[in-house]
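All values below were derived from every heavy atom in this structure, side-chain atoms included, with hydrogens, water molecules and symmetry-related copies excluded. Numbering starts at 1 and runs along the sequence shown.
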Amino acid sequence: MKCFWSRTGGRGSWAATLWVLGLMSLVLWPGAALQAQQMVDVTQLPHLAEAGRFDELLTRLKAGSPDVFGLPGVESLIADLERYQAHSADQVQHRRQAYQEALAKIDQERQAGWLEEALVAAIDAHSLAEDQVALLSDQKVQTLVQEAQHAAQAAEEAQDWVQALTYYRLLDLLFDDHATYRDDVRRIARHVRVLELYAPARLQELYRAQMKRREQARAQRDAQNADGDAKADADDALNTPDDPIVEQGPWQVRLKGVQISMLRQALRQAAQQHIGHKGYTTLMQGAIDALLVLVRSKALGDTFPSLNDPLRVRPFQAELERIAGNLKAPTRQEMTFLETISLIDRIMLRNNQTVNLPEAVLVYEMTEGAMEMLDEFSAVIWPWDREQFARSTSGRFTGVGIQIRRQNGRLVVVSPLPDTPAQRAGIKAGDIIAQVDGRDTSTWSLDRAVREITGPEGTYVTLGIERADKPDLIEYRIQRAQIDIDSVRGWARLGGDRWDYFIDPENRIGYVRLSQFIPQTADELDEAVSQMEADGPLNGLILDLRFNPGGLLGSAIAVADRFVAEGPIVFTVNADGERTAESRAKRHHTYKPFPVVVLINQGSASASEIVAGALQDYGRAVIVGTRSFGKGSVQDVFQLEAK
């Protein structure tokens, strides 16, 4: 989705949004502007703002009659436009300077042998370049890419999957528009996933080895740069993920409840329902490739001792390779469902005759491999994941009400949610959760921490807290309760769960941020709008969808319905190109026609794009921000029954 301008930060950015709302107000309530059309057609001014033609807008306003200057807010609008011009000129200058610095850093880091840092500098330069094609053709960038490719291949040959994945992901980011390295990322990510599930200790070794290499490189750089300037930039881009600690739980627990019927049903649903027309042959190619990753991994011998025996591995691997070759043959005809089931049965039988891996392992790996052939969004929600999935889509969970992250190897409280057991108990932002029910958390993943802290309503969990101003561990015994997530937030919190929704109370301009689309989002939006309209008209609304990853389609439709009076909001198309469903606006849900600006960025995806796109197509809102994620697809949930 395209937009009209990129905000640059600071008060000027919000002012720009507000004057778009102000111009729209002149059109929607034109009475005050009728006498101002002697020299300037006021009704055309919002269109200039929508198109991002701010220089022309400023010229037109300055050329207006005295009546124009008598309109409310026009002088302030001209001052904001002049400030925007100055900010834009500064931004261009800073962008070009940052580009030159990034170019210089590419050579500096590459020649020092720090390829990761050099790739990060190249990615920065690419995002800043006025001619991105020319940058990718530059000799220094091509040399860097070749060296990074060789390093990635060497890491792959050494089965250092973490380092290989780091290189390929950075290369993929650099060539994101071309997807040149997308298959490499997918291939290496499969190995990382296998280690995470079946050999977490080995994966942890690879993460820690990578962290140690980076620490040594930074120490060397510090020694070479007495002023320390060279260190700062790389730290931001190359820190390992907040959660480098991998899940230590046994794979048997993770795969509990996995049955072969789930694989069969998943293949049938994918082949019949997916819009990409991926047939059984393609799906089985992914399934076999996943099994080959499993049997070729040298790190799984401790988990599955039979993989240490070449006499058992070779015949099974040879059978998989033969099947893979047949599936990828140019003359291969599309498989039927019965042929697919027969092939799966044959693989299971051959497994029993050779390596004898547990059935749940083969089912899980084949299913995951098949789903990877669809798209990056389609997946099977396994029994182990159902609770987390339900929590993310319902907006409700049972727990204590805290947001946490991993930082420097510790579990840190980002914020206790308002009016929750954690806040009432005294948990504070910045607290370190050192223990949960007396167990040390230093090796826990975020996933494990969430699972241990959440639990049935009414039960208790004890958090051992380290706090900066307290020398001893503080223990909080907290009763779990149902937590409702706020998907609708205002400009400033008033206390508890109450919000102030006015960003500009004097001109009655409102602000609402939607963090995700869950069942209660539309109702919460109704409450916010009603609160703003309680004491007078709402003269404009900023609807902030930045970093909103989406959520439920029905919720997005309900939100768009509040702003669109009639007509289709969204329709879906099946694999045969036929419309399967169409949702239309209903007039009785529609708000008053106050001006609306929708804020988006690259983190606005899926349901967010449906809402922003519908409001833009109907001319109901101006879209402000940067290009959104570009998902362009809708997922349905299909039940896989255990048999």
Side-chain angles (χ1 to χ4, degrees), residues 241-243 245-249 253-254 256-257 381-407 409-467 473-489 493 495-499 513-521 523-524 547-552 555 637:
D242 281 344
D243 187 16
I245 305 298
V246 296
E247 183 61 64
Q248 300 293 322
V253 175
R254 302 278 296 276
K256 184 178 180 180
I381 309 302
W382 298 102
W384 171 262
D385 304 312
R386 285 187 62 182
E387 182 180 343
Q388 174 64 26
F389 178 75
R391 184 161 53 234
S392 66
T393 56
S394 69
R396 292 186 173 92
F397 65 94
T398 55
V400 299
I402 51 174
Q403 295 175 324
I404 60 176
R405 67 176 178 179
R406 285 201 66 89
Q407 183 177 354
R410 311 300 302 276
L411 288 174
V412 180
V413 176
V414 176
S415 175
L417 301 179
D419 196 28
T420 60
Q423 186 192 50
R424 291 192 292 268
I427 301 295
K428 300 179 180 180
D431 282 349
I432 295 173
I433 304 176
Q435 294 181 1
V436 174
D437 288 333
R439 290 168 293 167
D440 181 78
T441 64
S442 60
T443 61
W444 285 13
S445 68
L446 277 178
D447 182 65
R448 182 178 179 183
V450 170
R451 293 182 187 277
E452 296 286 352
I453 295 173
T454 57
E457 184 175 3
T459 60
Y460 287 85
V461 62
T462 300
L463 303 183
I465 298 296
E466 293 181 5
R467 188 170 293 162
L473 193 73
I474 311 170
E475 289 193 348
Y476 291 92
R477 187 169 184 264
I478 305 174
Q479 186 177 28
R480 299 180 178 102
Q482 179 173 290
I483 309 297
D484 293 324
I485 300 173
D486 286 335
S487 66
V488 175
R489 304 173 184 176
R493 190 180 289 276
D497 59 353
R498 297 173 57 247
W499 289 94
R513 179 183 179 186
L514 303 188
S515 60
Q516 58 183 313
F517 290 90
I518 54 180
Q520 58 267 36
T521 298
D523 291 338
E524 292 179 359
F547 300 106
N548 184 322
L552 300 178
S555 179
V637 178

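- Residues satisfying the side-chain contact (heavy atoms from CB on, under 4.5 Å) criterion with Thr420, sequence neighbours excluded, are Leu417, Ala422, Gln423, Ile483.
- Residues satisfying the salt bridge (charged side-chain N to carboxylate O under 4.0 Å, His left out) criterion with Asp385, sequence neighbours excluded, are Arg451.
- Between Ile402 and Asp431, every side-chain heavy-atom pair lies at or beyond the 4.5 Å cut-off.
- Separation of atoms CZ (Arg489) and CH2 (Trp499) is listed at 6.0 Å; rounding is to 0.5 Å.
- For the salt bridge (charged side-chain N to carboxylate O under 4.0 Å, His left out) test, residues two or more places apart in sequence or in another chain that qualify with Glu466 are Arg410.
- With sequence neighbours left out, Thr459 forms a side chain to side chain donor-acceptor pair (under 3.5 Å) with Arg480.
- Atom CG of Leu473 sits about 5.0 Å away from atom CD of Gln435, to the nearest 0.5 Å.
- Inspection of the Gln520 and Ser487 side chains reveals no N or O donor paired with an N or O acceptor under 3.5 Å.
- Looking at every heavy atom in both residues, Ser515 comes nearest to Pro549 through O-CD, 3.5 Å.
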* Could you walk me through whether Ile478 and Ile427 pass the side chain to side chain contact (heavy atoms under 4.5 Å, CB included) test, one step at a time? => CA-CA 10 Å; Ile478 305 174; Ile427 301 295; 4.1 Å; yes

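- Legend: residues meeting side-chain contact (heavy atoms from CB on, under 4.5 Å) with Ser555, ordered by chain and number and at least two apart, are Phe517, Thr521, Leu552.
- Of all the heavy atoms in Gln479 and Gly458, the pair that sits closest is NE2-O, 3.1 Å.
- Remark: of the listed residues Ile404, Ile453, Ile432, Leu411, Leu411 is the sole one forming a side-chain contact (heavy atoms from CB on, under 4.5 Å) with Thr441.
- Under the 3.5 Å distance criterion, the side-chain polar atoms of Thr398 are matched with a main-chain donor or acceptor of Gly455.
- Residues in residues 452-463 take part in these salt bridge (charged side-chain N to carboxylate O under 4.0 Å, His left out) pairs, two or more places apart or across chains: Arg439-Glu452, Arg448-Glu452.
- When all heavy atoms of Pro421 and Gly399 are compared, the closest pair comes out as CG-O, 4.3 Å.
- For OH of Tyr476, the number of neighbouring non-hydrogen atoms (other residues, nucleotides, ligands) closer than 6.0 Å is greater than 12.
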